[in-house]
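One structure below.
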Amino acid sequence: MLDPKLLRTEIEKTADQLARRGYTLNRALISTLEERRKDLQIHTQQLQNERNTHSKTIGRAKATGQNIQPLMDEVAGLGEQLKQTETELETLQAQLLAIQLDIPNIPHTTTPNGTNEADNQEIRRWGEPRQFPFPPRDHVDLGAEGGLDFEAAAKITGSRFTVIHGQLARMHRALIQFMLDLHTQEHGYREVYVPYLVNTDSLQGTGQLPKFEADLFKLSGEFNYHLIPTAEVPVTNLVRDRILDAECLPLRHVCHTPCFRSEAGSYGKDVRGMIRQHQFEKVELVQIVRPEESYKALEALTRHAETVLQRLELPYRVVALCTGDLGFAAAKTYDLEVWLPTQKKYREISSCSNFEDFQARRMRARWRNSTTGKPELVHTLNGSGLAVGRTLVAIMENYQDEHGHIQVPEALKPYLGGLEFIVPDGR
RNA sequence: GGAGAGAUGGCCGAGCGGUCGAAGGCGCAGCACUGGAAAUGCUGUUUAGGGGUGACUCUAACGAGGGUUCGAAUCCCUCUCUCUCCGCCA
């Protein structure tokens, strides 16, 4: 959520900034509602004041045994009038809030202009894509011996789920351990375990609700819970409705969870394989920082995610998302894209974002600024470190040999009992 | 699932329907005292929103939401969470 003051005092400037990302702010409507809100609030508070004053007078009169009937007559009707304006104000405020919850974040000045993916800006590349002396096979092909079983998943559940067997499943698990160990032991993150089902307050806090309900899986029945689309939701909401001491900042959490996304199937994109699934594992980095440090933190967090790819020796590039490709809550985002030889393309494997105070305002997540003594909004960031399923795909495709065996990356060997190769045959 | 108890400020803990944003204590901050400190004393110490250039002022909040009332922390209803006991369970 944007600072409501921006909509009151700098609406034109705010509208211009939002226009950069292709969002049209309904200035006329907001200004009209805002004006009415102001009048109504002043009026309501006047009436409340009147009521309070009269009630105190009645209290005093009663205590001294005076006849209170004339006083009672005076306030007759006030209650009705007050109730009416209060209700009206409430409705109006709810309307304004609904509008505010639907407005995306303002892009940071360093976020490049653009309308879609094609306008994203490459920042740097790492690693050389390997030259294959044979035509490389994609992961579906490599897993066809039984390591990856999409048919079984479709039978058990439906499309866009995966069953992973044998050594491939083991490597999938090993990747999670490897990532968690790296971030906790070398990058200063604290591991956390969280619920995979969350309430609507949490989803509103990080920005999935109310606008993106359709992207989520929701429980039917008596619990009004959603499955998490990312660990970002439970982990960031750890600080919801809190005022943190200055000394606890920055908070750095790393968390492995499954992620559930219903939007995945709707694009007709990446229908083959396990690139785009309704369920996947992810190791997520979340930071809660002081506002002045958030852009430094974004660079550091991005490097932390990159380190995973470097240790696994997977070629990748970093792109800065343009304003048109930016997520709803983000002010600036770096995507990490890993090289997939069979697609001859870099494909997204991590997304690292600074949300500034956008999520913090929705969550009422604050810290006590020791110089002002006042509670102020924190800045929140997160990034994948990394998406595990896609990492497995990248390893399969980049590390395959002509027999369809997968060489185990050096960094992963300790997690696989020193194994050199795995054969994705499901055994 | 059954039975019961509870939820008040950073923490503990009072609170008869009226002057209660809330006693008292602890903690914290400032000042005094001191060579310095401890102890002691005094003062201050929630959050959000509105109005005002500002001093300031108004409104709201005692788990959440509704209700009764001129007036609710206090009475009534619903819900959530916590604790105890029983049952069940990985």
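Below, chain A is the first sequence line, B the second, and so on; all start at residue 1. Because the structure is a prediction, the values reported are computed rather than measured.
- Taking atom CG on Leu82(A) and atom P on G71(B), their separation rounds to 9 Å, with Å as the unit.
- The environment of Arg290(A) atom CZ is dense: over 12 non-hydrogen atoms of other residues, nucleotides or ligands sit within 6.0 angstrom.
- Ile58(A) comes within 4.0 angstrom of a base, heavy atoms only.
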Quick one: side chains of residues 411-427 of chain A, donor-acceptor pairs under 3.5 Å with protein atoms, not counting sequence neighbours, listed by atom name and distance.
unit_1    : atom_1 : unit_2    : atom_2 : d
Lys413(A) : NZ     : Glu410(A) : OE1    : 3.1
Lys413(A) : NZ     : Glu420(A) : OE1    : 3.1
Tyr415(A) : OH     : Asp181(A) : OD2    : 2.7
Asp425(A) : OD1    : Arg427(A) : N      : 2.9

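- Nucleotides C62(B) and U47(B) have their C1' atoms positioned 13 Å apart, rounded to a whole Å.
- Atom P of nucleotide A48(B) and atom CG of Asp3(A) are separated by 13 Å, given to the nearest angstrom.
- For G21(B) and U46(B), the C1' atoms lie 8 Å apart once the distance is rounded to whole Å.
- Distances shown here put a side-chain N or O of Asn52(A) below 4.0 Å from the OP1 or OP2 atom of U59(B).
- Taking the C1' atoms as reference points, A73(B) lies 14 Å from G13(B), given to the whole Å.
- Taking atom P in both G6(B) and U74(B), the straight-line distance is 15 Å, to the nearest Å.
- Surrounding CD of Glu117(A) are at most 12 heavy atoms belonging to other residues, nucleotides or ligands under 6.0 Å away.
- Between Lys38(A) and G51(B) there is a side-chain N or O to OP1 or OP2 distance below 4.0 Å.
- Here Glu90(A) pairs with nothing under the side chain to side chain contact (heavy atoms under 4.5 Å, CB included) rule; sequence neighbours left out.
- Side-chain N/O atoms of Asn199(A) and Ser202(A) include a donor and acceptor closer than 3.5 Å.
- Under 3.5 Å, the side chains of Gln359(A) and Glu232(A) contain a donor-acceptor pair of N or O atoms.
- Both Glu50(A) and Arg366(A) sit near RNA chain B, but only Arg366(A) has its closest nucleotide nearer the 5' end.
- For the C1' atoms, the distance linking G17(B) with C70(B) amounts to 12 Å, nearest Å.
- Comparing A60(B), U47(B), G71(B) by their nearest atom to the side chain of Ser55(A) picks out G71(B).
- Straight-line distance from the CD atom of Gln100(A) to the P atom of A48(B): 17 Å, rounded to whole Å.
- Rounded to whole Å, atom P of U80(B) lies 9 Å from atom CZ of Phe223(A).
- One interatomic measurement links the two molecules: CD of Glu86(A) to P of A60(B), which rounds to 8 Å at whole-angstrom precision.
- For Lys282(A) and Thr257(A), the side-chain atoms include no donor-acceptor pair closer than 3.5 Å.
- Comparing U59(B), G18(B), A48(B) against the side chain of Lys62(A) picks out G18(B) as the nearest.
- A48(B) and A90(B): their C1' atoms are spaced 44 Å apart (whole Å).
- Distance from the side chain of Pro375(A) is smallest for A48(B) among the nucleotides G18(B), G51(B), A48(B).
- His172(A) and Glu281(A) form no side-chain donor-acceptor contact under 3.5 Å, judged by distance and modelled atom types alone.
- Arg51(A) comes within 4.0 angstrom of the backbone, heavy atoms only, and of no base.
- Scanning atom types as modelled, no donor and acceptor separated by under 3.5 angstrom connect the side chain of Lys56(A) and the base of G18(B).
- Nearest-nucleotide assignment on RNA chain B puts the 5′-proximal partner with Gln45(A), out of Gly79(A) and Gln45(A).
- At least one side-chain nitrogen or oxygen of Arg368(A) sits closer than 4.0 Å to the OP1 or OP2 atom of U47(B).
- For the OP1/OP2 pair of U59(B) and a distance below 4.0 Å, the side-chain nitrogens and oxygens of Asn49(A) include at least one atom meeting the criterion.
- Closest to the side chain of Gln41(A), from the set A48(B), G49(B), C70(B), is G49(B).
- A straight line from CE of Met1(A) to P of A48(B) spans 13 Å, rounded to a whole angstrom.
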How does RNA chain B read in dot-bracket, base by base from 5' to 3', with Watson-Crick or G-U pairs under 3.5 Å and | used when the partner is on another strand? ((((((((.[[[..)..(.....]]]((((((.......))))))((((((....)))))).[[[[[..)....]]]]])))))))....
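- Side-chain atoms of Thr184(A) and Glu191(A) include no donor-acceptor pair closer than 3.5 Å.
- For the P atoms, the distance linking C86(B) with C79(B) amounts to 26 Å, nearest Å.
- A22(B) and C16(B) have their C1' atoms separated by 15 Å, given to the nearest Å.
- Look at CH2 on Trp367(A): it is 18 Å from C1' on U47(B), rounded to the nearest Å.
- Here the P atom of nucleotide U19(B) and the CZ atom of Arg60(A) are 9 Å apart, to the nearest Å.
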